[in-house]
Every structure is written in structure tokens, then in C-alpha cells.
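What follows is a set of notes on a single structure, which appears directly below.
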There are 2 protein chains.
Amino acid sequence: MKPSIPKGTRDFGPAEMQKREYIFNIIKTNFKLFGYMPLETPSMENITTLTGKYGEEGDQLIFKILNSRIHESNKKEELKKEFDLSLEKSRNSELLTEKALRYDLTVPFARYVVMNHHSLTYPFKRYQIQPVWRADKPQKGRYREFYQCDADVIGSNSLINELELLAMMDKSFAELNIPVLIKFNNRKVLSGIAEVLNASDKIIDITVAIDKLDKIGKEGVVKELQEKGINETAIKQLEPLIDLSGSNTDKVTVLKTFLVNSEIGKKGIEEIEFLLNHLSTIAIKHVTVELDITLARGLNYYTGTIFEAKANAGTFTPSILGGGRYDDLTGIFGLKGLSGVGISFGIDRIYDVMHELNLFPESINKVSTTKLLLTNFGESEQVHCIGLAAKLRANGINTEIYPDNAKMKKQFEYADKKQIPFVAVIGSNEIANNTVMLKNMTSGAQEEVNFEALLIRMKGVKD
Amino acid sequence: MKPSIPKGTRDFGPAEMQKREYIFNIIKTNFKLFGYMPLETPSMENITTLTGKYGEEGDQLIFKILNSRIHESNKKEELKKEFDLSLEKSRNSELLTEKALRYDLTVPFARYVVMNHHSLTYPFKRYQIQPVWRADKPQKGRYREFYQCDADVIGSNSLINELELLAMMDKSFAELNIPVLIKFNNRKVLSGIAEVLNASDKIIDITVAIDKLDKIGKEGVVKELQEKGINETAIKQLEPLIDLSGSNTDKVTVLKTFLVNSEIGKKGIEEIEFLLNHLSTIAIKHVTVELDITLARGLNYYTGTIFEAKANAGTFTPSILGGGRYDDLTGIFGLKGLSGVGISFGIDRIYDVMHELNLFPESINKVSTTKLLLTNFGESEQVHCIGLAAKLRANGINTEIYPDNAKMKKQFEYADKKQIPFVAVIGSNEIANNTVMLKNMTSGAQEEVNFEALLIRMKGVKD
């Protein structure tokens, strides 16, 4: 039977891995440049750590792991009894499964902070790059296993953290060469709007409706608001927000009037203004930053600034980054009063965007990182090649020796298929001369060179 | 309730992560220097891919994942019915679980090769660095989640591959600075010994018994052989192997006599001699390489050379690397005739050895990779600091700004606890002079420097 892999999962072969590592390296380098420190948490968490943190729908998407003592038992009746018992005890079948695969990196981070609270130095800045698992229906751009790349700082209220995150996004997307629109908003502004309208349970309905302005027009928005049960007075009040347009400053002016009687709303505007006033300080060079009051982000732990980034070109519409400030993330594990803010790069989607827009640099658009293949003409030549390979590798040159004494054609085909840029042909003449016949696989040019010349040419090949 | 993590799993905080990444980077760099290309496979495999590949004991240690459609159902009775049905159908409860966490990287690699056979270029050299999961009883040095670092070349019979692997181990362990003894053997020699003794089902018992010579003496070995049902003639015949000692060449001489009538045994000796003759060719510099006929390695897919490495110092005895040649790994998935050879670095154990022997370089023995902290004296100073930080980061200097306008003492404590080597104090005087007051946190020395001088000093701090 031909083997296969589970739905919604993927193998990453060498060509994809080079490109993925290219993305990871840029993001990781920037995380470190901004002072974030690495953390890894286990793939498995106790189910009690995860459940109740992602809403009812999220709970359904957590992959649970069968207890080992159950699958160690071979006796059918025992299994059944244990299973029955577990069903009696709990709908979560805790005797059957106590562990689950992590669903995101945020909850494990909060769990880590609470467990290590007394040994951490605050503000604690950590980054984390690991896969997460979701039992979602697989479809294009949605996988059951995918990587998250998170950076969070916890234990500081300062908006400097938001500014630094914006600077880090700008630098990272500039280096990845992706045109990006960063939308931001503030949950306090949304709370303020709800307060003014006296409709705090309807704020998501309101933002969703206003967000459709481009698609369904103002009449459509009003109709949808009516359908969602927003009363006519409130809809009338909302008009300036439905019509909201212009520059970030224009929008702030309208919001200030709208929220003049809401304390929380005014606090939100103050935070937004701080960020807007300092966009020039952090000297945003690459991304576009836009205030968007329809941005809400689903997760209910956000309490201040929220971010979302999308590619500003191509046909790819899902967001490639999300994040925001949470005032009480660790509260779910009993540790109150730690405010934090963080972002999460969606590496799989960033890959898809870069693939569509052809943004990977030429030098990594290849299968192999090997720079030079040494040919194999038989046992005595091999001995020479092994010594030569050692000297090249000691100089940092990725080098292969073709392992078998195969026909020249086959050895060249190997280099060609692996996109190895140079082949060194080494026969008895070259050994006698202490040279190699160096063939450029792109141009086809050949030249006989000594070791020093070979090394110079190899150091000139881009990584 | 204070949160916890599952037994046998670990969080890796910043200090551990630096050290782990130091190890990963050395191994990965060497994998690339020798022409291995990266591969990643999904954490989850279909259960049918994994079962039956690791022996009966191994099968028991595979972590199974509950099907999502089961935990999506909330109805107790439905769950029970489905579970009963699954038990009827199969002892593996395939309706309950179809997916499992990978147990090693070798079987997923074989599965990948079979699935992608027609698009791969052979010999196919891949490396893979990913976690694996085993439902083992957790104990010191044995975890339920741990990383493997594998390099394999498949599709070549040449012993050059074994030589290159030895060269790669030597270079890697030299760079890690771990004193290492690499034991090697050949499965064909073991088959030959079994053939000579006419005891092919007892070869593991025999190697296990001989291996105890140092501990229980020759009499003890003979007693154990008797207990295992080896007859007296065979034990008499085995004497030269029980007494085997001296140099690698001495051992080969004895083996040649012992195996003179075994074709497979003689083939094994030939392979061993090829490797020994070329140890000088690959110029082994760091590790000790020793032929050990008691080395058998449990996995039954090995058919030629086998390797095992242990730290040659300290109290840590488990192996830190294993590997060998397999003539038919992909045969389990229906693709015959592909010979391969590979090794697996045990990163968690390498970490433990390096920790015990204090082998990590001083520069990575710290919590943070930040080189410089900029102080925060309030809003106008912040603006200046943000600009300065951007310039430093553009030059590759890992830089933090203390996010809050806290007391100086607190800001210095932060740098101290995170082991950040330099703090730049930036007040109104420094801003007016366009300088910073640079404090060396180790020596306590302070000096006022301009940007150029600051940059030179920061570039001098080791990564």
C-alpha cells in the first residue's frame, strides 16, 4: 500500500525548507535585534491548561492525545470499562485523554510565565517559533499543523512596546520585501463606541457591518445593522463612523467628537494618538500603517492596541500577522496584573504570499545549498577528493563528493538536478598538477585552477 | 490552580535555548557542509505508517491522537457506540485514532522517499531536526518529547558515505568540544559469527554476554552464555572473541581467522578494513574510533556498518549518537533496493554532557543575546533613544530600550539580571552632546562616547 500523510499536514522538502528557513531567519534575527529571547514549550499541554481559553469553537479544535496506559492495555473489556467510567466522570473523558497538542503559543506562554514568575525578569520579552495544531477542516491556506512566530513583552504598560513592535514589523517586512498594510485599532475605542451607543453586546456585529461598506454600500450596512437589532437612534448616531474616511488624523478627529462622553473611549484615542504621533520617530520606511475602527480581532483577551497585517499586493487576502495588548493574560492561571503586548507572524501565509509574488531572492531559489561537487573517478581519486573536501569545508564551503564511481554523465546530471553551481573534475592529470578542472554549471565554462583560485571562486558563490 | 506541564516534557527558557541553539547550529552547519539538505515531515503520521516498524515494545510507546470527529461529538451515547464499534473492528481502535505522533525521524524519512521517489535525485542526502514523542516511563535523561538530528544518504552503496559520516562526526564533536569515543561494528560480521556458531537466533544474547567481560570477568561471560543456551562447542569456539583486545588491526586479524568460512562474515571484514584503512585519509583529528564486536544496536533494519558514540569523559554513559547502514529501509513501504546509511545525534543528551563537563563557551553562558540597553528618562529622551536604537539595529547590534520611565536602579537591575553587558545612559546632557554615557556592566567602567565609538565597542562584544 502506498503510504500517505494525514489530511491538512505537509512534508517540506529541501526546496521549500530553504525558503522557509530564509523567512524564519529574517524574523528571528529581528526578534533578537529588538531584545526578544527564545522560549520553547512542550508540544503537549495538560488538557486543563488549554480548555476554556479559545472559546467554545476553539475547544472543539484541540487535538487530544490518548493516554498511554490505555493504548498499552490490550484487553478489550478493560478498555471499554475504563472508557465508560471516563464518560461517567466527565464529558471531556479525562481518563481517556489528559494531554492535548498546543493550539497556539500564547496560552503556553502565559502558563510558562505563571509557572516561572519568581525567576523571570520583567518586562519579560520572549519569542517563540513552533508548530501548533488545530483540528480544523483542511482547505487552501488552512492547515492542521502550522508554525507560529510570536514575540511578546509582558510586565510593561508602556506604549513604547507597541512602537517598537511596529518598528520591528516594518524592518522585518522590508527585509522580506513584502508590501504590507498594517491596520491597527484599539479595543478601548471599540468599548467606547459600544458605551456611547449603549450596545456593549453588539460591538462585533457593528464592526462587521461597517467593514462591509466597500462591498455593500451604506444602505447595505444600515440594513445589516437593522437586522442585527441595532435601534434607529443608534444607527443614526453611528453615521459618522460608517462614513469614516480620510487620513489617520481625520479619523481621530471624528472619533474624538464621537467619544467625547466616554472615558474608556478617550483613553483609547489617547493611545492611538501616541502611536500616530511617533510613527515619524520610529521612521516607518516600508509598511503602510492605517487606523481601521472596524478591526476587532476575535480573541477576547485583547484590551488595548490591536494589529493586523495583510499583503498589499497580489490575490492573497488572509492576514499574515496579528497581535495586540492584553491586560490580564496570565489572570487565567491566577496571576493578576501583568499587562503585555505581542504579535504573531503567520509564516505559512507569508510563504504563500512570497511564492505568489515571486519575492524569494534568486540565490535561495534552488534545491541544494551545496556549492561544489567533486567527481569520483575511482578509489585513488576518492582519497584525493576526501582530503580536498576537508580543506574546502574547513573554509566553510559546502562541498559534496559523488559517492560512487559512476559515469561522468550521471555525476553531472546529479549536480544539474540539485542545482549545484560548480563541479570540480579531478582525474590523474589534475591530481598530478595539484589542480581541479572547474566547470561552471550555468555558463558551461571550464578552467583548470589550483586550490587558492578554487577557494576564491567558491567564496564568491552566494549563500 | 497552579498550572503544570505533562510528565516527561520540558519548557526551555532563554538560557537553555541559547545553549541548545548553539548545539543545533554547529550540527546543522556541518550537515550543510557535507551536502545534506533539510527536510521536515508532519508531527502526525497515519498510524498505519508507524505501527510494526519499531518492534512490539515500540508499538506500545507510540502516542496516538484522538480523532477530531469523536471529540467534536458531544453526545455521550454516540461516543460510546462509536467506541464499541471501533473495538469490534480492530484492536488498534482505528475509528477512535487514525493518527499518531512520530516516534523517530527514520520511518517518516523512508515514507517521504517512497512518496516522492520519482522526483528525488539519488543519492538523496537529507538532514532532519525535529522533535519525536515516546510514551516511555519518564526518568533522568529520558523524555517523552525530545529532538532528533538525523543525516541520511539513501541510494548509494559506496562506503565513501560511511567515511564522510565519520569525518562529519569528527568535525562536529571537535567543534562542540566533546571528547568522544565512536564505536563501530558491522552487522555482516555479527551474521558471520552467528553462521560460524550455527546460532543465528542467539547473536544478541552472545554480544550482550561478551560485552559484560569488564564487569563480570570471563567466567561470568561463559556462565551467561551457558544460561542463554549456547552449547559448549560454541562457547569454546567463541573464546578468541571473548578474549578480543588490542588495536583495531589486532581485532581484525582475529576476526579474519574466526570468519574464514563465512562469506557474509568476510564481506563484513572487508567493509571494516576499508573504513580502518581510510581513517587516515579522512584525517580524524578529534574522536577516537574503535572496532567493538559487541556493538549490535537494537534496530533490525541495519545490515552493514553500525555506529555508536559516547562521551569519553564525565559520568554520563548513554550514547549521544547512533546510526548505521540499512539495505532495505524503504522496503517496508514497497520500494525495494535502495541502500542507505545515516546517523542521529542525540541533542538532549549532548546538552546534558556539555552541561556536566562545562563545555559551553563563556559567551553563550548567559540569559540574553542583547548587547546594549538604552535607559529611559521620559518621553523626550525616549524619542532620541528610539532613533538611536534603529541605527544600532541597522548595524546588527541587538539593542533594547527600557520601556518604562522607571528609577535608574531598576533599569540597571534589569540589565544586570539579563546579563546585558552594556548600558547606555542617555539624559539631556548626552542628547545635547550627541553622545551616550556607556557603562560596562562587568567592569563598572563608564565613558562618554559618540555614535561611532559606541558602534565599535558594540561590534567588539562576542555573540
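Per chain, numbering begins at 1; letters A, B, ... match sequence-line order. These numbers come from a predicted model, not from an experiment. Every heavy atom of this structure was used, including side-chain atoms; hydrogens, water molecules and symmetry mates were not.
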Between [X] and chain A, with a heavy-atom cut-off of 4.5 Å, which part of the residue counts as in contact: side chain, backbone, both or neither?
X      : answer
B:R10  : backbone
B:L163 : side chain
B:F274 : side chain
B:K371 : neither
B:I397 : backbone
B:K28  : side chain

Considering only heavy atoms, which portion of [X] lies under 4.5 Å from any heavy atom of chain B: side chain, backbone, both, or neither?
X      : answer
A:R111 : both
A:K410 : neither
A:V367 : both
A:E145 : side chain
A:K99  : side chain
A:F124 : side chain
A:Q128 : neither
A:I160 : side chain
A:Y122 : backbone
A:S158 : both
A:E16  : neither
A:T369 : side chain
A:S119 : neither
A:T49  : side chain

Is it the case that the ring center of B:Y36 lies less than 6.0 angstrom away from the ring center of B:Y127?
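So the answer is no for these two rings.
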Looking at A:G13, A:A390, A:A167, which has the largest count of heavy-atom pairs under 4.5 Å with chain B?
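Maximum pair count with chain B is reached by A:G13.
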Under 6.0 Å from the ring centre and within 45 degrees of the ring axis: does the NZ or CZ of B:R126 meet both conditions for the six-membered ring of B:F109?
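Yes - B:R126 lies over the ring of B:F109, closer than 6.0 Å to its centre and within 45° of its axis.
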Given the ring of A:F12, does A:R20 sit roughly above its face, with NZ or CZ under 6.0 Å from the centre of the six-membered ring and within 45° of the axis?
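Yes, A:R20 and A:F12 form such a contact.
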Apply the test side-chain hydrogen bond (donor to acceptor under 3.5 Å, both in side chains) to residues A:T97 and A:N67: give CA-CA distance (whole Å), side-chain angles for both, the deciding distance (0.1 Å), then the verdict.
CA-CA 5 Å; A:T97 66; A:N67 280 354; 6.0 Å; no
Strictly by modelled atom types, are A:S156 and B:D404 linked by a side-chain donor-acceptor pair under 3.5 Å?
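Yes.
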